[in-house]
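Here the structure comes first, spelled out in structure tokens, and everything after it is commentary.
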There are 2 protein chains.
Amino acid sequence: MSLNLKEKILYAASGLFYSQGIRATGVDAVVKAANTTKMSLYKYFSSKDDLVIAFLRKRDEDFRAWFVEQVNGKADTPKAKLLAIFDVISEWMAIPEFRGCAFINAAAEFPLEGNPVHQVSAEFYDQFRSYITELSRQCGSRSPESLALQLSLLIEGAIVSEQMKRHSGAAEQAKQAAIILIEASLSDIPCM
Amino acid sequence: MSLNLKEKILYAASGLFYSQGIRATGVDAVVKAANTTKMSLYKYFSSKDDLVIAFLRKRDEDFRAWFVEQVNGKADTPKAKLLAIFDVISEWMAIPEFRGCAFINAAAEFPLEGNPVHQVSAEFYDQFRSYITELSRQCGSRSPESLALQLSLLIEGAIVSEQMKRHSGAAEQAKQAAIILIEASLSDIPCM
DNA sequence: GTTGAAGTATACTGATCGGTATAGTCGCAA
DNA sequence: TTGCGACTATACCGATCAGTATACTTCAAC
């Protein structure tokens, strides 16, 4: 817990950016939350944009590590891991601080595709999808890319749905759908 | 096309709010785009918040009407309509002005559930889901609510995915997944 | 021909935005 | 003891934010 000042600022910024939104959070609010001054903030981050990018990169790193660890702790086989993903998502959604996906939110706040914030957000989902694709491949899907994209649509949809309205059972339904899609993708003959 | 001043302001605001984001769009920019003055804007809208709510309500009304019309133009039976939804979404995503779902974006910009903007956005998806539920019921789904929720997760996921990265085939995969989920929900014995 | 409503033009308010300048405090190392 | 880098304190900058006050034009109804 011994954070240096730069980490303390980033930690404070992360909390505010995620819970209130990026544009809604002023530099002064970050400074106050980190118990420091603007001068120090601008010593470590050249601009607010720079701080935002740092927030997203760290969130990317932390979230993916946490997520994979959670999944691995719940399941051993690739197929079980694919399903465990939905349990992890479900538990994540249940925490009161849940405010949707930081990357989806950031992309919504900075809609232009060329924007650096938008790009960093897009990278997260690229890597997240790669993770699911690899699991799909390992468990013998006929088309790992298709299955992975389909499952990631369910996940993103569930996150957004839960963000719009809490406790609507999105994660559970996403898992039920995932079970069907996984089985369909594993059998040689499509189930329809 | 003969818009009165209030409609002109709302039209200009809608374009800017959707393409650039709500917080990123100042009142002055709306005024300039509508070729009017602040005084007139504040005659018809008591505050920027009021204008934002009006934007979302009109978008709700217009989009749902347009969407249902598009679906009805593509299919006759309830089952065909469920699938046509994904074609409409796909075509919508292809237009260059596409910037994701205005309601998802608004909810991301105003993350607190109690916020009026957030609430209006949530209402849209409630009604959208009701529409899908009704179609699911009409085509004999064993559990219309479940199927509708699952399909809406695919739709929301596809929209978000396309917003993050254009032309990644999200809509097509969503439709493929939908076909499987619909068949599974129509058969008496789950296909797994 | 007058009145009144609709809309324009423009200057303004106070607050907040991101970012900077200057001076001072603090602890540690040579 | 001196010097130095990390950090603080505070006041400031110009720009922009949402919102208002005042005066003016335009035009149609009576």
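Numbers restart at 1 for each chain; the letters A, B, ... are given by sequence-line order, proteins then strands.
- The separation between A/Asn4 atom CG and C/dG27 atom P is 19 Å, rounded to whole Å.
- For the residue pair B/Glu145/B/Thr133, the side-chain donor-acceptor check at 3.5 Å is not satisfied.
- One N or O on the side chain of B/Glu109 and one on the backbone of B/Arg23 form a donor-acceptor pair closer than 3.5 Å.
- Between the P atom of C/dT25 and the CG atom of A/Leu5 lies a distance of 20 Å, rounded to the nearest Å.
- A salt bridge is absent between B/Glu172 and B/Lys175; no separation between the charged side-chain nitrogens and carboxylate oxygens falls under 4.0 Å.
- Here B/Thr36 reaches the OP1 or OP2 of C/dT8: one of its side-chain N or O atoms lies under 4.0 Å away.
- DNA chain C lies under 4.0 Å from at least one heavy atom of each of the following residues of residues 41-48 of chain A: A/Tyr42, A/Ser47, A/Lys48.
- Residues A/Arg64 and A/Gln127 bring a donor and an acceptor atom of their side chains to less than 3.5 Å of each other.
- The closest side-chain donor-acceptor pair between B/Ser152 and B/Arg129 falls under 3.5 angstrom.
- A sub-4.0 Å separation between OP1 or OP2 of D/dT8 and a side-chain N or O of A/Ser40 is present.
- Distance NZ (B/Lys32) to P (C/dA9): 13 Å, rounded to an integer number of Å.
- B/Asn35 comes within 4.0 angstrom of sugar-phosphate atoms only, judged by non-hydrogen atoms across all strands, and of no base.
- Of all nucleotides listed (C/dT22, D/dT20, C/dG19), C/dT22 comes nearest to the side chain of A/Met39.
- Rounding to the nearest 0.5 angstrom, the gap separating the CD atom in A/Glu156 from the CG atom in A/Leu149 is 8.5 Å.
- Spacing between atom CG of B/Asp49 and atom C1' of D/dG19 amounts to 12 Å, rounded to whole angstrom units.
- Each of B/Lys38 and B/Lys6 has a nearest nucleotide on DNA chain C; the 5'-most of these lies closest to B/Lys6.
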